[in-house]
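Worksheet for the structure shown next.
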Amino acid sequence: MEDSSSKHMPENLDDPPNSRLFVVTSRCVTEDDLRERFSKYGDIQGIWLLKDKQTKEPKGVSYVKYAKSSQACMAMEDMHGKVLLEGTKPIKVFIAQSRSSAKHRDVEDEELTRIFVMIPKTFTEEDLKNTFREYGDIEYCDLIRNKLTGESKGLGYVRYYKPSQAALAIENCDKSYRAILAEPRSKNNYSEDAGASRGGGEYGYVDSFSQHTFPASADQGGHMVVDYRHGDITRSLILNTRAALTQEQIFALFDLIPGMEYCELLRDSYCLTKGPLGYALIRYNNLGSSVYAKEKLNGFEYPPGNRLQVTFYDDGESPAGRMASQVVTAQIMSTVWNGASCGQAVKSPGYSLSRIQVDFSLPSLKKLAPSDSKTKERLFVVFNPSPLPLNVLEDVFCRFGSLIEVHLVPGRNVGYVKYADRQCAEEAKALLHGRIVNGVKMKVMLADPPREESHKRPRTY
DNA sequence: CGACGGGACGC
DNA sequence: CGACGGGACGC
C-alpha cells in the first residue's frame with residue numbers, strides 16, 4: 001500500500017510538510033556519512049545527493065527526507081553547524097522549500113515556530129499556554145479578540161522557541177485544535193486579494209503549503225476589489241437593529257470611527273406604529289472610514305445579544321432593510337449572520353424589521369432558543385428563485401418556537417434551520433413547505449444528518 | 001432536484 | 001554561498 005523504499009520518492013517529498021531537509025556539506029560527504037549522522041533523529045525515508053549533470057561530481061548539496069516534520073526539525077536544530085569530516089567546513093541544515101515552491105530562499109525559523117490554533121472562546125492566553133506547553137517552551141501566546149468587545153474569537157497563536165516544538169505540537173496536540181503553522185505576520189493576509197491570488201503560485205510560501213493546510217473555502221472573498229469595481233460601496237452605511245437604539249447610542253457607536261459627518265435615525269417605513277427605530281443612516285466624509293466602520297460594527301453586539309447589521313447604502317435603492325448589492329448581501333450572509341442568532345433577551349415582536357408577505361397565516365412571533373441550545377432537528381430549505389434575507393427567514397421560522405438559527409449556504413439557493421425542539425421543527429416544515437414568502441418559493445425538508453467527524457470539537461459559539 | 005465542514009494577527 | 005534524480009507497472 002505504502003511505498004516507502006528509499007529510492008523511489010514520488011510525490012511525497014512534502015508530505016508531511018516540512019519533513020525534508022536541505023543540507024549543504026563539503027563535496028566529499030557521502031550518503032553514508034549523512035545517514036550515519038542523521039538517522040538518530042527519526043525514520044529517514046530517503047537521502048539524495050545532488051550531482052553535477054555533466055561531471056557527475058557531488059555538488060555538496062543534499063536532501064534528507066524524514067517521516068515527520070518534528071524529526072527533520074530536530075535534526076536541523078542539532079546538526080546545523082556541525083563538522084561531519086575532519087577538516088571540512090561546518091554543514092548547513094535547513095528545512096527544504098516545498099518542491100512546488102519556486103523560491104530557493106532559506107526557510108526561516110520565524111516561519112516554523114508559530115502555530116495557529118482553534119480553541120474554545122473561553123480560553124485565556126494562560127489556558128492556551130497551559131495547553132500547549134507540553135510540546136516545548138513557549139515564547140508567547142496570543143488570542144485573536146474582537147477589537148471592540150475584547151471577546152476571544154476562539155483563535156490563537158502560540159510561539160515556540162524551536163521549530164521542533166511547533167512541529168511536535170502540530171503532530172501531537174488534540175486534532176480539535178486544528179493546529180497548523182501560522183503564516184508569517186508580515187504578509188498582509190487581510191486586505192483579501194485572495195481572489196486574484198487563488199490558484200496562482202506567485203506568493204512565496206502561500207502557494208503549495210497553504211493548499212496543504214487550508215481547506216478550500218466556498219466563501220466569496222475579495223469584496224474590496226469586487227465592490228469597487230461594481231461601485232457598490234459608498235460613504236453611507238445602513239444600520240439595522242432589532243433592538244431599540246437611541247440616536248445618541250448610534251451616534252456614539254459610529255463616532256468611534258473618525259470622519260462621521262452624518263448620523264440619522266430613521267423609522268422603518270413598514271413599521272410606523274412601532275416606537276423603536278428600525279434602521280439608521282450614517283455617512284462618513286471618506287470611503288475608508290465607511291469601509292472600516294462597516295467592517296468593525298457589522299455583527300457587533302450592541303447591546304449584548306443584539307447583533308447589529310451594517311451594510312453599504314446604495315443610493316439607487318430603498319434604504320429600508322435593503323442590501324446595497326448582491327455582493328454585500330452574500331458577504332453579510334457569510335460573515336455576520338452565519339452561526340449567529342439574536343439573543344432572546346432583546347428579541348421582541350415589535351422590533352422585527354422584516355416585512356413578510358404571505359398568502360397563508362403565520363403564527364405569532366416566538367422567542368428564539370438560547371444560541372447555545374442543543375440542536376434537536378434541522379430543516380433543509382431550498383429557495384426559488386433566490387434565498388430570502390436572513391431577517392425574513394428568522395422572522396418566519398421563529399414562529400413555531402425553539403428556533404436556534406438560520407444559516408444560508410453562500411452561493412447556493414439553500415439554507416439550514418436549527419431548532420432546539422423536534423416538534424417545533426416538524427410544525428415549521430408542515431406549515432412552510434411549498435409556501436411562497438415575499439415571492440420566494442420554499443421547499444422545507446428535514447435535513448440529512450451532518451457528516452460524522454470523529455475528531456470534531458463542538459463549536460463553542 | 002438541492003447540502004453544510006470552520007481559520008489570521010493594529011507594522 | 002547552496003535548491004530538486006533515475007526510470008517506467010500494465011490498462
Side-chain angles (χ1 to χ4, degrees), chain A residues 3 7-10 13-14 20-27 46-53 56 58-63 65 89 91-107 114-119 140-145 147 153-157 159 176-192 194 206 210 213-219 292 296 334 338-339 375 378-384 387 407-418 442-453 455-461:
Chain A
D3 184 359
K7 199 67 190 198
H8 193 91
M9 297 200 292
L13 294 179
D14 299 311
R20 197 170 55 121
L21 293 180
F22 170 63
V23 185
V24 183
T25 68
S26 159
R27 297 177 189 276
I47 298 180
W48 171 29
L49 278 67
L50 257 69
K51 294 187 177 66
D52 186 284
K53 288 267 178 15
K56 313 261 274 184
K59 295 174 75 173
V61 171
S62 42
Y63 293 92
K65 172 72 173 73
K89 293 206 306 193
I91 65 171
K92 291 185 249 187
V93 185
F94 303 94
I95 293 294
Q97 282 284 4
S98 72
R99 200 85 204 277
S100 50
S101 166
K103 306 292 169 56
H104 283 170
R105 144 188 86 69
D106 295 345
V107 176
R114 196 175 63 139
I115 64 171
F116 180 48
V117 295
M118 302 179 78
I119 49 182
Y140 63 82
C141 289
D142 275 336
L143 288 183
I144 297 176
R145 297 176 176 279
K147 301 290 188 311
K153 292 186 175 173
L155 298 171
Y157 296 97
R159 171 77 76 181
S176 66
Y177 294 124
R178 302 216 155 226
I180 58 172
L181 276 184
E183 295 288 340
R185 197 187 327 229
S186 57
K187 206 75 186 178
N188 206 359
N189 263 350
Y190 166 67
S191 71
E192 9 208 303
V206 178
S210 63
T213 52
F214 288 87
S217 169
D219 201 351
Y292 187 74
K296 294 305 171 189
S334 62
N338 266 358
T375 301
R378 285 194 319 159
L379 299 179
F380 176 58
V381 186
V382 182
F383 304 94
N384 197 336
H407 165 70
L408 288 174
V409 180
R412 323 231 82 139
N413 292 333
V414 301
Y416 293 90
V417 187
K418 286 187 190 173
M442 298 191 301
K443 293 186 186 178
V444 183
M445 294 150 281
L446 292 185
D448 293 338
R451 222 186 76 203
E452 276 307 327
E453 192 91 35
H455 287 298
K456 194 167 142 186
R457 161 175 73 94
R459 299 185 82 143
T460 49
Y461 54 80

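A note on names: the letters A, B, ... follow the listed sequences, proteins ahead of strands, and every chain is numbered from 1. Below, all heavy atoms of this structure are taken into account, side chains as well, without hydrogens, waters or symmetry copies.
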At 4.0 Å (heavy atoms only), tell me whether [X] reaches a base, stays on the sugar-phosphate, or touches nothing.
{"X": "Asn413(A)", "result": "nothing"}
{"X": "Arg412(A)", "result": "sugar-phosphate"}
{"X": "Lys153(A)", "result": "nothing"}
{"X": "Val117(A)", "result": "base"}
{"X": "Asp448(A)", "result": "base"}
{"X": "Val61(A)", "result": "sugar-phosphate"}
{"X": "Lys92(A)", "result": "base"}

Would you please confirm or rule out a distance under 4.0 Å between OP1 or OP2 of [N] and any side-chain N or O of [X]?
{"X": "His407(A)", "N": "dG6(B)", "result": "no"}
{"X": "Lys59(A)", "N": "dA3(C)", "result": "yes"}
{"X": "Arg105(A)", "N": "dC1(C)", "result": "no"}

Tell whether [X] reaches the base of [N] with its side chain through a donor-acceptor pair below 3.5 angstrom.
{"X": "Arg20(A)", "N": "dC4(C)", "value": "yes"}
{"X": "Tyr157(A)", "N": "dG7(B)", "value": "no"}
{"X": "Arg185(A)", "N": "dC11(B)", "value": "no"}
{"X": "Arg114(A)", "N": "dC9(B)", "value": "yes"}

Can you tell me the distance, in whole Å, between the [atom1] atom of [X] and the [atom2] atom of [N]?
{"X": "Leu181(A)", "N": "dC9(B)", "atom1": "CG", "atom2": "P", "result": "18 Å"}
{"X": "Leu21(A)", "N": "dA3(C)", "atom1": "CG", "atom2": "C1'", "result": "13 Å"}
{"X": "Lys103(A)", "N": "dC4(C)", "atom1": "NZ", "atom2": "P", "result": "16 Å"}
{"X": "Lys65(A)", "N": "dG5(C)", "atom1": "NZ", "atom2": "P", "result": "17 Å"}
{"X": "Asp52(A)", "N": "dG2(C)", "atom1": "CG", "atom2": "P", "result": "13 Å"}
{"X": "Ile180(A)", "N": "dG6(B)", "atom1": "CD1", "atom2": "C1'", "result": "12 Å"}
{"X": "Leu446(A)", "N": "dA3(B)", "atom1": "CG", "atom2": "C1'", "result": "14 Å"}

Checklist entry - Any idea how His407(A) and Tyr416(A) line up, ring-wise: parallel (<30°), tilted (30 to 60°), or perpendicular (>60°)? => result parallel
In terms of side-chain heavy atoms of [X], which of [options] is nearest?
{"X": "Phe380(A)", "options": "dA3(B), dA8(B), dG6(B)", "value": "dA3(B)"}
{"X": "Lys53(A)", "options": "dG5(C), dA8(B), dA3(B)", "value": "dG5(C)"}
{"X": "Lys147(A)", "options": "dC9(B), dC4(B), dA3(C)", "value": "dC9(B)"}
{"X": "Glu183(A)", "options": "dG7(B), dC4(B), dC9(B)", "value": "dC9(B)"}
{"X": "His104(A)", "options": "dG7(B), dA3(B), dA3(C)", "value": "dA3(C)"}
{"X": "Phe94(A)", "options": "dG7(B), dG2(C), dC9(B)", "value": "dG2(C)"}
{"X": "Arg27(A)", "options": "dA8(B), dA3(B), dG2(C)", "value": "dG2(C)"}
{"X": "Ile144(A)", "options": "dG2(B), dC4(C), dC9(B)", "value": "dC9(B)"}

Item to check | Side-chain (Arg412(A)) to main-chain (Val382(A)) donor-acceptor, under 3.5 angstrom | outcome: no
Item to check | Side-chain (Arg114(A)) to main-chain (Glu183(A)) donor-acceptor, under 3.5 angstrom | outcome: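 A pair under 3.5 Å: yes.
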Checklist entry - If you round to the nearest 0.5 Å, how far is CG of Leu155(A) from CG of Leu143(A)? => result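 If I round to the nearest 0.5 Å, the distance is 9.0 Å.
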Next on the checklist: In the structure I gave you, are the side-chain heavy atoms of Ile180(A) and Ile115(A) within less than 4.5 Å of one another anywhere?
Outcome noted: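 When only atoms from C-beta onward are counted, Ile115(A) and Ile180(A) do not touch, as no gap falls below 4.5 Å.
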Next on the checklist: So Gln97(A) and His104(A), do their side chains get closer than 4.5 Å, heavy atoms only?
Outcome noted: no
Next on the checklist: Should Phe22(A) be counted as stacked on dG2(C), where stacking needs a ring-centre gap under 5.5 Å and an angle between planes under 30 degrees?
Outcome noted: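 The base of dG2(C) is not stacked with Phe22(A) (the test needs centres under 5.5 Å and planes under 30°).
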Item to check | dC4(B) pyrimidine/purine six-ring stacking with Tyr416(A), under 5.5 Å and 30° | outcome: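 Base of dC4(B): stacked against Tyr416(A).
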Next on the checklist: Could you report the tightest heavy-atom contact between Phe383(A) and Gly415(A), atom names first, then the distance?
Outcome noted: CE1-N, 3.9 Å
Checklist entry - Relative to the 5' end of DNA chain C, which residue comes earlier, Asp106(A) or Lys56(A), by the nucleotide with the nearest heavy atom? => result Asp106(A)
